[in-house]
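Worksheet for the structure shown next.
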Amino acid sequence: MTFALVLAISFSGLPTQLEGKARTALADVAKARTALSAGNSKTGQSWLAKAETLLGSVLSEVPGGDLLKKMDKASDGAKQGDTGAVAQAESQAAKVDPSLAEKMGAAKQKAAQGDTNGASNTVDDARNDVAQKTGLGEIGDLYNKVVAARSLLKAGENLKAKNLLDQIPF
């Protein structure tokens with residue numbers, strides 16, 4: 001029996017080689033989801049590790065992709081009042097768009113003042129701007145879900161990891 005995986009996530013706009021990596025990563029996520037459904041968490045984790053590597057590679061090779069990853073770390077850092085992660089994203093943002101750097105500067109200031117919620121919201125707004133300007137929103141979101149699912153599996157939260165993967169459209 002032959003079947004085809006119809007992708008609901010679009011990778012158009014990527015160079016052919018990177019599009020192939022992204023499609024392979026999405027197929028690996030589907031395999032991980034199947035493995036978790038069958039109760040094979042180690043196999044699922046292995047497929048997710050492969051997908052994370054591929055998606056990280058895609059984001060690293062596309063303009064704005066590294067900034068997207070730094071902004072994800074900055075959002076987590078801002079929630080904890082860590083201005084270092086926000087400063088790194090601010091520096092990277094300045095290379096892409098000065099208005100994004102201004103937003104990150106505002107987030108850094110809020111984090112330094114203890115307004116972690118405001119800082120995190122500002123970083124998230126800037127991240128959305130980057131995703132929109134670069135067209136990498138879907139790949140960035142997929143990458144974040146894969147990273148989060150792997151963390152959940154490592155913590156023994158297999159059902160939560162599977163539920164997170166179930167949110168990914170195939």
Side-chain angles (χ1 to χ4, degrees), residues 8-11 13-14 22 25-26 28-29 32-33 36 41 44-45 47-169:
I9 296 177
S10 171
F11 300 119
L14 289 176
L26 188 59
D28 289 348
V29 171
R33 189 165 72 174
L36 291 176
S41 63
Q45 195 164 2
W47 285 115
L48 288 177
K50 291 176 183 180
E52 181 179 345
T53 299
L54 288 169
L55 291 169
S57 173
V58 169
L59 288 172
S60 294
E61 294 180 44
V62 178
D66 279 335
L67 175 57
L68 206 56
K69 289 194 307 189
K70 284 197 187 293
M71 289 197 152
D72 291 333
K73 289 180 182 175
S75 180
D76 291 340
K79 291 174 188 169
Q80 299 168 10
D82 175 12
T83 58
V86 180
Q88 287 182 1
E90 178 185 16
S91 174
Q92 187 76 24
K95 298 173 188 174
V96 176
D97 183 340
S99 68
L100 294 172
E102 287 177 27
K103 284 185 180 183
M104 296 307 295
K108 184 174 67 176
Q109 186 174 18
K110 289 177 183 179
Q113 294 171 348
D115 182 7
T116 57
N117 194 34
S120 178
N121 288 339
T122 302
V123 170
D124 290 344
D125 286 345
R127 184 200 182 281
N128 290 337
D129 287 351
V130 170
Q132 186 176 13
K133 288 179 181 188
T134 62
L136 297 175
E138 287 183 316
I139 294 173
D141 291 342
L142 179 59
Y143 177 79
N144 288 337
K145 286 180 180 172
V146 167
V147 170
R150 283 193 68 209
S151 294
L152 289 168
L153 286 173
K154 287 178 185 176
E157 299 284 350
N158 299 355
L159 184 58
K160 287 183 181 178
K162 185 187 175 311
N163 288 340
L164 183 60
L165 295 179
D166 286 342
Q167 296 173 16
I168 298 171

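Since the model is a prediction, treat every value here as computed from it, not as a measurement.
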message: Evaluate D72 against V147 for side-chain contact (heavy atoms from CB on, under 4.5 Å), listing each step before the verdict.
response: CA-CA 11 Å; D72 291 333; V147 170; over 6 Å; no
message: With a 4.5 Å cut-off on side-chain heavy atoms, are M104 and M71 touching?
response: yes
query: Can you check whether D124 reaches T122 side chain to side chain, under 4.5 Å on heavy atoms?
result: no
Donor-acceptor pair between K70 and S91 side chains, under 3.5 angstrom: no
message: Can you give me the closest heavy-atom contact between A25 and A51, atom names plus distance?
response: O-CB, 3.6 Å
- prompt: If you measure from CZ on R33 to CG on L164, what distance do you get to the nearest 0.5 Å?
  reply: 11.0 Å
- line: Tightest non-hydrogen contact, residues A74 and A89, listed as CB-CB, 3.8 Å
message: Distance check, rounded to the nearest 0.5 Å: R127 atom CZ versus L136 atom CG?
response: 9.5 Å
- request: Considering non-hydrogen atoms only, spot the tightest contact between S60 and K69 and give its length.
  value: OG-NZ, 2.9 Å
statement: When rounded to the nearest 0.5 Å, the distance separating CD of E61 from CG of D66 is 10.0 Å
- prompt: Taking side chain as C-beta onward, heavy atoms only, is D97 less than 4.5 Å from D129?
  reply: no
- prompt: Side-chain contact, heavy-atom cut-off 4.5 Å: V96 with V130?
  reply: no
S151 side, atom OG; Q45 side, atom CD - distance, nearest 0.5 Å: 9.0 Å
Rounded distance [0.5 Å steps], CD in Q88 versus NZ in K73: 8.0 Å
message: Evaluate D115 against N117 for side-chain contact (heavy atoms from CB on, under 4.5 Å), listing each step before the verdict.
response: CA-CA 6 Å; D115 182 7; N117 194 34; 4.3 Å; yes
- request: To the nearest 0.5 Å, tell me how far L159 CG sits from L153 CG.
  value: 11.0 Å
- request: Could you tell me whether D125 and K103 make a salt bridge, using a distance below 4.0 angstrom between a side-chain N and a carboxylate O?
  value: no
- prompt: Looking only at heavy atoms, which two atoms of Y143 and E52 are closest? And how far apart?
  reply: CE1-O, 3.7 Å
task: Considering non-hydrogen atoms only, spot the tightest contact between A161 and A149 and give its length.
output: CB-O, 3.6 Å
- request: Just jot down the side-chain contact (heavy atoms from CB on, under 4.5 Å) partners of A78, sequence neighbours excluded, or say none.
  value: V86, A119, S120, V123
- prompt: Do K162 and D166 meet the salt-bridge criterion of a basic N to acidic O distance under 4.0 Å?
  reply: yes
message: With a 4.5 Å cut-off on side-chain heavy atoms, are L26 and I168 touching?
response: yes
- line: Nearest heavy-atom contact between L100 and L67 is CD1-CD2, 4.2 Å
message: One pair to check against side-chain contact (heavy atoms from CB on, under 4.5 Å): L68 and V62. What are the steps and the verdict?
response: CA-CA 10 Å; L68 206 56; V62 178; over 6 Å; no
